[in-house]
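Heads up: the structure comes next, in structure tokens.
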Amino acid sequence: MMLIPAHHFRDIERKPTYLQPEKCIPPPHPRPAGTMWFIRDGCGIACAIVTWFLVLYAEFVVLFVMLIPSRDYVYSVINGLVFNLLAFLALASHCRAMLTDPGAVPKGNATKEFIESLQLKPGQVVYKCPKCCSIKPDRAHHCSVCKRCIRKMDHHCPWVNNCVGENNQKYFVLFTMYIALISLHALIMVGFHFLHCFEEDWTKCSSFSPPTTVILLILLCFEGLLFLIFTSVMFGTQVHSICTDETGIEQLKKEERRWAKKTKWMNMKAVFGHPFSLGWASPFATPDQGKADPYQYVV
């Protein structure tokens, strides 16, 4: 499995468009409040299913080929608990990244009535997205897959079937981190299992036949190596992006910095929540990012 790099984007507008509210009408079917966020993209859904399948395959090989047949009870229990915990956190992070609104701007809100309700000061300029007819906040970009403008959009990742943006970047970072950890753990266990099988009788080191055992372990080794490389790179890229407070799109387009510069620690807290706690490592803890103004206008 391969994660799409942060520099791969689709349909990103290059120039902002000045508001023409007379050409905007409210969407015919507004999104009901409380509706679960889910992108109906065939490619993204297929990639998400493949992601779960590969993690569950690793789970199967680790449990039924290496740990359960082992005669070392302590080794099996400890490694089983660690691997299953990391796999659970990885899949939970994947779900949160996929089902969390990444920071979508309300669609079709660039109407004359809404603009008048903003009571803009003289000299203030606002832009609209010509694709979704929405008022476009600063640092927002349009995604053709999500069909929405996303605040602080980093990239659209098909493996989580969602954009990585302001509200779900934490879960995407945790997903890459936990996948990298279970990949490393699986590779280490595969190495020890091969050594054990070489020293012992192959028929006694697994419940499966020796050829089947070798094939299953080689496939897991290949999968784990790919997972480890790509998720580690993606994790490092995301952490660097957070610390510099510059999204992948902004780096690619070399956009002029129009926002206040903060320390790396403050940038980390802005994504993972205030203050630092164990909740940073939990996909179930929603980060407290404060009350940010969703409309930061370009003057």
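The first residue in the sequence is number 1, and the count goes up from there. Predicted model, so just to flag it, every value in this text is computed and none were measured. All heavy atoms count here, side chains included; hydrogens, waters and symmetry mates do not.
Heavy atoms of other residues, nucleotides or ligands lying less than 6.0 angstrom from OH of Tyr57 number more than 12. No more than 12 heavy atoms of other residues, nucleotides or ligands shown are found within 6.0 angstrom of CG on Leu278. Within a 6.0 Å radius of CZ in Phe284, more than 12 heavy atoms belonging to other residues, nucleotides or ligands are found. By the neighbour-count criterion of 12 heavy atoms within 6.0 Å, atom CZ of Phe88 is sparsely surrounded, having that number or fewer from other residues, nucleotides or ligands. Around atom CZ of Phe53, no more than 12 heavy atoms belonging to other residues, nucleotides or ligands sit under 6.0 Å away.
Rounding to the nearest 0.5 Å places OG of Ser232 at 8.5 Å from CG of Leu181.
Taking each heavy atom of Ser76 and Leu67 in turn, the nearest pair found is OG-O, 2.7 Å.
With hydrogens and angles disregarded, no donor-acceptor distance shorter than 3.5 Å links the side chain of Ser70 to the backbone of Met66. Listed for the Ser93 side chain is a donor-acceptor partner under 3.5 Å among the backbone atoms of Leu89.
Results of the salt bridge (Lys or Arg N to Asp or Glu O under 4.0 Å) test with Asp245 over Lys269, Lys152, Lys261 single out Lys152 as the only residue that passes. Across Glu250, Gln251, His155, a single residue satisfies side-chain contact (heavy atoms from CB on, under 4.5 Å) together with Ser241, and that is Gln251.
Between Phe198 and Phe194, the two ring planes are parallel [angle under 30°; tilted spans 30° to 60°]. Ring geometry, Trp52 versus His94: the interplanar angle exceeds 60°, so the pair is classed perpendicular (tilted spans 30 to 60°).
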